[in-house]
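This is the structure I want to talk about, given as structure tokens.
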Amino acid sequence: MPLPPAPAKKAARLSADAIESTRVARKRSEPAMDLSTSLSPLTLEAALPSPAPASASARSNGATPKPSTKAKAPGQAVAALANDDATASVPPTRLAPQRRRKAGTLAAGPRRLFVLDTNVLMHDPTSLFRFEEHDIFLPMIVLEELDANKKGMSEVARNARQASRTLDTLAAQRGGDISAGLPLSALGNKDATGHLFFQTSPLQHELPNSLPQGKADNQILGVVQALKMKYPGREVVLVSKDINMRVKARALGLAAEDYENDKTLDDGELLYPGSLALPPDFWTRQSKTLESWQQGGHTFYRISGPIVEQLVINQFVYYEAAGEPSLYARVTELRGKQAVLKTLKDYTHLKNAVWGVTSRNREQNFALNLLMDPDIDFVTLAGTAGTGKTLMALAAGLTQVLDERRYTEIIMTRATVSVGEDIGFLPGTEEEKMGPWMGALDDNLEFLAKGDGGNAGEWGRAATNELIRSRIKVKSMNFMRGRTFMNKYVIIDEAQNLTPKQMKTLITRAGPGTKIICMGNLAQIDTPYLTEGSSGLTYAVDRFKGWPHGGHITLARGERSRLADFASDVL
């Protein structure tokens, strides 16, 4: 009996070239066979029904996949994909003993059959194992396109090679029969209890004459239509990352879905803000059970009640009411129905200024408490333009590198994604090539150096700039693989343009004593095929939520200028 589906690991996001590479390969390739003729029926008798069909876009963050809104077919026999003649021609040994059942004895509807487009495999080579109990069908033209895109060192080529190796391993399993379907769980992926079917013979289809029959997209659409007509008891769904192909499929009356396994947030969900406003009756409710004590210059409160269920480790809470003292604290402990709150250091006061910088609002104060805490190894800052993300990160870094000597140097990097057209290759060394991308660094260093050495004269300012520059290294993300940063203060700017895989590559570079700060504005994503729900910044915030050594805060109020603040709201 198949095991219940378990949450699957998220896949890396599609690179910007994946769909384009698929289209180019399809234009250049010639059709390997004519799929317009009908020969023998396709044998897919190994498919078994399951009581809970899932969507192709099933989430993998632990939540139960949302049921499809499409109408489900009534209960079918085991041979939902094969006619009686085809089933009779299959030797009994092709069906595993635990899957062999009599026809007509299962009341539940059949499992869905997903036809994968090539760009899905080039986006996520492990997508074969992301459909839980459902079956997968691969048209022959998909294998041709994988072969055409396997050469090169790009991410698309690597994914194509990995997908081809996975298919080869599945097909080479002892006792496996391609015509009868290959069990996807054969390689140890117990969550995938369905079967993989290859196109072993041409299928008859009737596409409009206006669609070129030799184009690979249309051949795949023809396969989907043929499967739908041949096996009306199964729900056949095309899964593609190509928007136009999904539109064409729906225009032909075929079911089509996007592959959304990598999306961290669904539509309608909000990014974890990192802070929570306490209710107006907070003190009244806590008056009988509240405990408080002083330790190390901070006040601790042990609270209980329904509010505890909403709290997360290292989440900031605040209480503001007219005529009553305000409370700004961070959740440091969660144990059962009780939580411990720790008051914050007030960085709005000039005596606690960080490299001459003080916080101007509540969220900036929360951010500086995270940036200056040695127990926090990973900080994510999100916010609109002008909220002070880069300035606070640099100020905290300079203080901890030059004054407190907690870290040896600051390493800064960012995704080199252009807003407009690319200006071409840049001359010079790695740091010189990154110079044009680091305008934000130069602007903020100019402000910080002026504030620190304003009365030291020209020589003093030059010495300060030289000292600061000597402790800041600008690195390109292209050369991060295999590196280990020890006792470094790493700033990743414009992190909203990173894919989840790139984000993982950068964060795993951290060695002992290293702190990583990721900053970005989810409203300014320039990378093609990335959205707010699939950005690497969103991925990191969601995965590190609740980790005792990580923290996040969303900065809400712009402090750059009244012009920039107004533009962020109205444009």
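In this text, all values refer to a predicted model and were calculated from it rather than measured experimentally.
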Handout entry: Listed once per pair and sorted, the salt bridge (Lys or Arg N to Asp or Glu O under 4.0 Å) pairs that draw on residues 512-523, sequence neighbours left out
Key = none
Exercise for the section: Compare all side-chain heavy atoms of V357 with those of Y347 and state whether any distance is below 4.5 angstrom. Expected result: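 Not in contact.
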Exercise for the section: May I ask you to decide if D526's main-chain N or O and N497's side chain share a donor-acceptor pair within less than 3.5 Å? Expected result: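 The answer is yes, because a donor-acceptor pair under 3.5 Å joins these two groups.
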Exercise for the section: Working to the nearest 0.5 Å, report the span between CD1 of I516 and CZ of F485. Expected result: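 So the gap between those two atoms works out to 8.0 Å.
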Practice task
Indicate the atoms forming the closest heavy-atom contact of V401 with T408, along with that distance.
Solution key: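 Closest approach of V401 to T408: CG1-O, 3.7 Å.
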Handout entry: Parallel, tilted or perpendicular: ring planes of Y489 versus Y407, cut at 30 and 60 degrees
Key = tilted
Practice task
Spell out, as yes or no, whether a donor-acceptor pair under 3.5 Å connects the side chain of S127 to the backbone of D124.
Solution key: yes
Exercise for the section: For the pair H549 (side chain) and D377 (backbone), establish whether a donor and an acceptor sit closer than 3.5 Å, ignoring hydrogens and angles. Expected result: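 Not at all, since once roles are kept as given, no pair shorter than 3.5 Å links the two residues.
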Exercise for the section: Check whether any side-chain N or O of N369 sits under 3.5 Å from a backbone N or O of K345 as a donor-acceptor pair, and report yes or no. Expected result: yes
Exercise for the section: Identify whether the distance between the nearest side-chain nitrogen and carboxylate oxygen of R246 and E257 falls below 4.0 Å. Expected result: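 No, no charged N to carboxylate O under 4.0 Å.
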Problem - Non-hydrogen atoms of T380 and V541 that approach each other most closely - result: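 Distance-wise, the nearest heavy atoms are OG1-CG2, 3.6 Å.
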Problem - Student check: side-chain heavy atoms of L371 and M392 closer than 4.5 Å - result: yes
Handout entry: K545 charged N/C atom sitting above Y272 aromatic ring, 6.0 Å / 45°
Key = yes
Exercise for the section: Report yes if some heavy atom in the side chain of I376 is under 4.5 Å from a heavy atom in the side chain of P374; otherwise report no. Expected result: no
Practice task
Start with the C-alpha gap between Y318 and L276, add the side-chain angles, then the distance that decides, and say whether side-chain contact (heavy atoms from CB on, under 4.5 Å) holds.
Solution key: CA-CA 7 Å; Y318 60 92; L276 177 68; 6.0 Å; no
Practice task
Applying side chain to side chain donor-acceptor pair (under 3.5 Å), name anything that partners T554, two or more places apart in sequence or on another chain.
Solution key: H552
Fill in the blank from the handout: Rounded to the nearest 0.5 angstrom, the CD-CZ distance for Q400 and R406 is 4.5 Å
Practice task
Could you go through the side-chain contact (heavy atoms from CB on, under 4.5 Å) check for T531 and I525 one step at a time?
Solution key: CA-CA 7 Å; T531 63; I525 297 179; 5.7 Å; no
Handout entry: Close side-chain approach of L402 and W355, heavy atoms under 4.5 Å
Key = yes
Practice task
Would you indicate whether the side-chain heavy atoms of F131 and V237 approach each other to under 4.5 Å?
Solution key: no
Exercise for the section: Just grab all the salt bridge (Lys or Arg N to Asp or Glu O under 4.0 Å) pairs involving residues 323-335, residues at least two apart or on different chains. Expected result: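 For residues 323-335: R330-D373, E333-R335.
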Handout entry: Side-chain (D258) to main-chain (E260) donor-acceptor, under 3.5 angstrom
Key =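 No, the answer is negative, given that no donor and acceptor are paired below the 3.5 Å cut-off.
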Exercise for the section: Examine distances only and state if a side-chain atom of Q315 and a backbone atom of V312 form a donor-acceptor pair shorter than 3.5 Å. Expected result: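 Checked: pair present.
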Problem - CG-CG distance between L128 and L116, expressed to the nearest 0.5 angstrom - result: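 Between L128 CG and L116 CG, I get 6.5 Å after rounding to 0.5 Å.
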Problem - E309, CD atom: more than 12 neighbouring heavy atoms under 6.0 Å - result: no
Exercise for the section: For Q364 and T387, indicate whether the former's side chain and the latter's backbone hold a donor-acceptor pair under 3.5 Å. Expected result: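 The answer is yes, because a donor-acceptor pair under 3.5 Å joins these two groups.
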Practice task
With side-chain contact (heavy atoms from CB on, under 4.5 Å) as the test, would you mind laying out the steps for Y328 and V317 before giving the verdict?
Solution key: CA-CA 6 Å; Y328 303 100; V317 296; over 6 Å; no
Problem - Residue pair L498 / S535, side-chain heavy-atom distance below 4.5 Å - result: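 SC-SC contact between L498 and S535 ruled out.
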Exercise for the section: Might you point out which heavy atoms bring Y319 and P280 nearest each other, and give the distance in Å? Expected result: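 In this case the closest contact between Y319 and P280 is OH-O, 3.2 Å.
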Exercise for the section: Report yes if the side chains of L344 and F366 come closer than 4.5 Å at any heavy-atom pair, otherwise no. Expected result: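 Yes, their side chains come closer than 4.5 Å.
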Handout entry: Any donor-acceptor N or O pair under 3.5 Å, side chains S326, E320
Key = no
Handout entry: Approximate separation, where rounding is to 0.5 Å, of I553 CD1 and K389 NZ
Key =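 If we round to the nearest 0.5 Å, I553:CD1 and K389:NZ are 13.0 Å apart.
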Problem - Side-chain donor or acceptor of T413 paired with backbone N/O of K475 under 3.5 Å - result: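 Such a contact is found between T413 side chain and K475 backbone.
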Practice task
Please name all residues satisfying side chain to side chain donor-acceptor pair (under 3.5 Å) with S240, sequence neighbours left out, ordered by chain then number.
Solution key: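 By the side chain to side chain donor-acceptor pair (under 3.5 Å) rule, S240 matches D117.
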Handout entry: Which atom of I313 lies closest to which atom of P548, heavy atoms considered
Key =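 The pair with the smallest heavy-atom distance is CG2-CA, 3.7 Å.
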Handout entry: Side-chain donor/acceptor of T508 to backbone N/O of K504, under 3.5 Å
Key =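 Between the backbone of K504 and the side chain of T508 there is a qualifying donor-acceptor contact (under 3.5 Å).
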Exercise for the section: Answer yes or no: are there more than 12 heavy-atom neighbours, outside R250 itself, under 6.0 Å from its atom CZ? Expected result: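 Yes.
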Exercise for the section: For side-chain contact (heavy atoms from CB on, under 4.5 Å), just list the numbers for I517 and V490, CA-CA rounded to whole Å, side-chain angles, deciding distance to a tenth of an Å, and then say yes or no. Expected result: CA-CA 6 Å; I517 291 82; V490 182; over 6 Å; no
Practice task
Only pairs at least two apart or in different chains count here, so list each ring pair (Phe, Tyr, Trp, His ring centres under 6.0 Å) that has a residue in residues 372-399.
Solution key: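 Matches after skipping sequence neighbours: F378-F544.
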Exercise for the section: Could you note down all residue pairs passing salt bridge (Lys or Arg N to Asp or Glu O under 4.0 Å) where residues 279-308 supplies at least one of them, sequence neighbours left out? Expected result: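 Sorted result for residues 279-308: D281-R285, E291-R302.
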Practice task
State, with a plain yes or no, whether a side-chain heavy atom of E404 is found less than 4.5 Å away from one of T399.
Solution key: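 When only atoms from C-beta onward are counted, T399 and E404 do touch, with a gap below 4.5 Å.
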Handout entry: Pair T505, R509: side-chain N/O donor-acceptor within cut-off below 3.5 Å
Key =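 Per modelled atom types, T505 and R509 side chains form no pair under 3.5 Å.
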Problem - Polar contact flag, side-chain donor to acceptor under 3.5 angstrom, T358-T348 - result: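 T348 and T358 do not have a side-chain donor-acceptor pair below 3.5 Å.
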Practice task
Please name the pair of heavy atoms, one in G533 and one in T538, separated by the smallest distance, quoted to 0.1 Å.
Solution key: O-CG2, 4.3 Å
Handout entry: Euclidean distance, L394 CG relative to I468 CD1, rounded to 0.5 Å
Key = 9.5 Å
Problem - R112 bridged to E235 by N-O distance under 4.0 Å - result: yes
Fill in the blank from the handout: The reported gap from SG in C518 to CE in M503 (rounded to nearest 0.5 angstrom) is 4.0 Å
Practice task
Say whether, by atom type as modelled, one donor and one acceptor occur between the side chain of T514 and the main chain of N487 under 3.5 angstrom.
Solution key: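 Here the side-chain-to-backbone pair exists.
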Practice task
Ignoring hydrogens and angles, state whether a donor on the side chain of S287 or T284 is under 3.5 Å from an acceptor on the partner side chain.
Solution key: no
Exercise for the section: Would you mind checking if E363 and R557 are paired as a salt bridge, meaning a charged N to carboxylate O distance below 4.0 Å? Expected result: no
